[in-house]
Amino acid sequence: TMMALQQASAFLVLFLAALLLPPQCAQDPAMVHYIYQRFQVLEQGLEKCTQATRAYIHDFQEFSKNISVMLGRCQTSTSEYRSAVANLALRVERAQREIDYLEYLREADICLESDDKTLAEKLIQEAEEEKKIRTLLNASCDNMLMGIKSLKIVKKTMDTHGSWMKDAASSSQKVYFLIGSRNKTLWEFANMRAFMEDSTKPAPRKLILTHSWQGTGQVIHKGFLFFHNQGTLNEIIKYNLQRRTVEDRMLLPGGAGRALVYQHSPSTYIDLAVDEHGLWAIHAGPGISGHLVLTKIEPGTLGVEHSWDTPCRSQDAEAAFLLCGVLYVVYSSGGHGPHRVTCVYDPLGTIGEEDLPKLFFPRRPRSHSVIHYNPRDKQLYAWNDGNQIIYKLQTKRKQPLE
């Protein structure tokens, strides 16, 4: 900075010298005095500028030093603050754990105080539930399945999927034939002989329904066809076969229709069944291999009477049927057999694993499209690879309830 001031002074002197009067005018004392005074003023100004510059440099150095000190203190304070915040967070977390523990102890004390009351209420509810189930399943039926005695192929068709049946709750000899897993045309045959022999008179009656069915889980009960309505998630239709009109409909609860009820039945989401106790519905619970849900339905009003979550899985299952209020689920490996009942569920708990025989079906090349029990003639009506089959059964009495 000082060097710059000296250079500026020298430049100013040269500039002023260039402005001086010629030598002949330099002899004028007044002019010389004037120039001398101007030089003095200039030197004084330069001195003040030099002092101010020095003072500025000194102040700036002090300011820089103070800033450096403050930055150091700030970094130290920041580290201290961070440490303090971390310690505070640990203390808050520790305090929260202690509060949670105290809350747990308080709730435990409340639970202990009301434990006897809760247990008593639970026992009462269980007793009432068991009484309700026994009242619901009070039909005079105490048989359990012991074996598949024989197989009879009644008819052969080219259709892989379908269902066929008699009315499970009337003395009618009519046979109903439902081709395919999505259709609305039902064939009514006068009797079993007319069904077996196409040339037998009278010819079958063709019934075109107002809605199409979904899957192969249809049943006929007291002149009404019950089926899963195609295009809906869980709607069950009650169809009057005589009037050819929809009598009633319902939405089956419990997540029904969201998954296939049986892994090896690729089009059935709700399987309906009839036994000595009336109308039932079977569907799969949530999950890829969810457990089957069993629902008892009042056929007159289509009201749900009770539902059970069973231990039977839909994985590797191909069909199921009910006999005397007991669910029998048929399984096969890869859908090609052997076909056997490996899961049985009794809502009354009268059948245990030790009571289960080895229930094998005669070997078939493919899985069953449907297996339904008819409580009137005590036989199974099945559809397997285009064959309409009857299985005769061997049963025995259940152990009486205590």
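By convention here, the first residue in the shown sequence is residue 1.
- Inspection of the Q75 and T78 side chains reveals no N or O donor paired with an N or O acceptor under 3.5 Å.
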Set out, in order, the CA-CA distance, both residues' side-chain angles and the distance that settles side-chain contact (heavy atoms from CB on, under 4.5 Å) for M144 and T395, then state yes or no.
CA-CA 5 Å; M144 61 179 290; T395 61; over 6 Å; no
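- Comment: E276 engages K378 in a salt bridge, judged by a side-chain N to carboxylate O separation of less than 4.0 angstrom.
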Apply side-chain contact (heavy atoms from CB on, under 4.5 Å) to the pair L272 and W280, showing each step before the final yes or no.
CA-CA 6 Å; L272 301 172; W280 303 78; over 6 Å; no
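- Between the side chain of N240 and the backbone N or O of R243 there is at least one donor-acceptor pair closer than 3.5 Å.
- Counting non-hydrogen atoms of neighbouring residues, nucleotides and ligands closer than 6.0 angstrom, the CD atom of Q242 reaches no more than 12 such neighbours.
- The closest side-chain heavy-atom distance from L145 to L393 is below 4.5 Å.
- Of the listed residues (F189, W187, Y176), just one forms a ring-ring contact (aromatic ring centres under 6.0 Å, His included) with F195, and that residue is F189.
- Contact of the N234 side chain with the Y269 side chain is not registered, since no non-hydrogen atoms from C-beta on lie closer than 4.5 Å.
- Ion pair E188/K174 flagged as a salt bridge, since at least one NZ, NE, NH1 or NH2 atom sits closer than 4.0 Å to an Asp/Glu carboxylate oxygen.
- Every residue two or more places apart in sequence or in another chain that forms a ring pair (Phe, Tyr, Trp, His ring centres under 6.0 Å) with F321 is listed here: Y328.
- Between L327 and the options V344, D275, I282, a side-chain contact (heavy atoms from CB on, under 4.5 Å) holds for only I282.
- No donor-acceptor pair under 3.5 Å is formed between the side chain of R397 and the backbone N or O of C141.
- For the pair R182 and Q230, the tightest heavy-atom approach, listed with the atom from each and the gap, is CD-NE2, 3.5 Å.
- Relative orientation of the F63 and F60 rings is tilted, given thresholds of 30° and 60° on the angle between their planes.
- T245 OG1 to E247 CD: the interatomic distance, rounded to the nearest 0.5 Å, is 6.0 Å.
- Annotation: cation-pi pair K238/F224 present, NZ/CZ under 6.0 Å from the ring centroid and within 45° of its normal.
- The heavy-atom pair separating L241 from L225 by the smallest distance is CD2-CB, 4.0 Å.
- Between P253 and V304, some side-chain heavy-atom pair lies under the 4.5 Å cut-off.
- Using a distance-only test at 3.5 Å, with no hydrogens or angles considered, no donor-acceptor pair links the side chain of D159 to the main chain of H161.
- The main-chain N or O of G223 is found under 3.5 Å from a side-chain atom of D167 such that the two form a donor-acceptor pair.
- Residues I389 and L380 are not in side-chain contact: their nearest non-hydrogen atoms beyond the backbone lie 4.5 Å or more apart.
- Side-chain contact between V293 and T310 is absent, with no heavy-atom pair separated by less than 4.5 Å.
- Between F177 and T157 the shortest heavy-atom distance is CZ-CG2, 3.7 Å.
- Side-chain contact, T216 with S181: no donor N or O sits under 3.5 Å from an acceptor N or O.
- A donor-acceptor contact closer than 3.5 angstrom is absent between the side chains of N229 and W213.
- For the residue pair S367/S332, the side-chain donor-acceptor check at 3.5 Å is not satisfied.
- Between the side chain of D346 and the backbone N or O of L348 there is at least one donor-acceptor pair closer than 3.5 Å.
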When you look at E197 and M192, which way does the side-chain contact (heavy atoms from CB on, under 4.5 Å) test go after all the steps?
CA-CA 9 Å; E197 301 175 4; M192 185 64 73; over 6 Å; no
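- In this structure the side chain of L178 reaches within 4.5 angstrom of the side chain of M165, judged on heavy atoms.
- When H372, H283, Q218 are each tested for a side-chain contact (heavy atoms from CB on, under 4.5 Å) with D271, only one passes: H372.
- The two residues I270 and L233 come nearest to each other via the heavy atoms CD1-O, 4.1 Å.
- Applying the ring pair (Phe, Tyr, Trp, His ring centres under 6.0 Å) criterion to Y381, with sequence neighbours excluded, gives W164.
- Atom CD1 in I390 sits 9.5 Å away from atom CG in L151 (nearest 0.5 Å).
- Residues passing the ring pair (Phe, Tyr, Trp, His ring centres under 6.0 Å) test with F361, sequence neighbours excluded: H368, Y391.
- Annotation for R244: atom CZ counts as buried by contact number, over 12 foreign heavy atoms lying within 6.0 Å.
- Between K392 and Q379, the side chains place a donor N or O and an acceptor N or O closer than 3.5 Å (distance only, hydrogens not considered).
- For Y34, the OH atom sits in a loose shell: 12 or fewer heavy atoms of surrounding residues, nucleotides or ligands are nearer than 6.0 Å.
- When side chains are defined from C-beta on, L252 counts as touching I297, because their heavy atoms get closer than 4.5 Å.
- Residues C343 and P311 share a closest heavy-atom pair of SG-C, 4.2 Å.
- A donor-acceptor pair is defined here as one N or O able to donate and one able to accept, closer than 3.5 Å; no such pair exists between the side chain of Q263 and the backbone of E318.
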Check step by step if side-chain contact (heavy atoms from CB on, under 4.5 Å) holds for F360 and H339.
CA-CA 6 Å; F360 284 90; H339 313 282; over 6 Å; no
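- When every heavy atom of Q214 is checked against every heavy atom of S267, the shortest pair comes out as NE2-O, 2.8 Å.
- Contact check for M196 versus R193: no side-chain heavy atoms found under the 4.5 Å cut-off.
- No side-chain donor-acceptor contact under 3.5 Å links R340 to the backbone of Y331.
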Would W308 and H306 satisfy ring-ring contact (aromatic ring centres under 6.0 Å, His included), going step by step from the backbone distance to the final call?
CA-CA 7 Å; W308 295 266; H306 203 282; 4.4 Å; yes
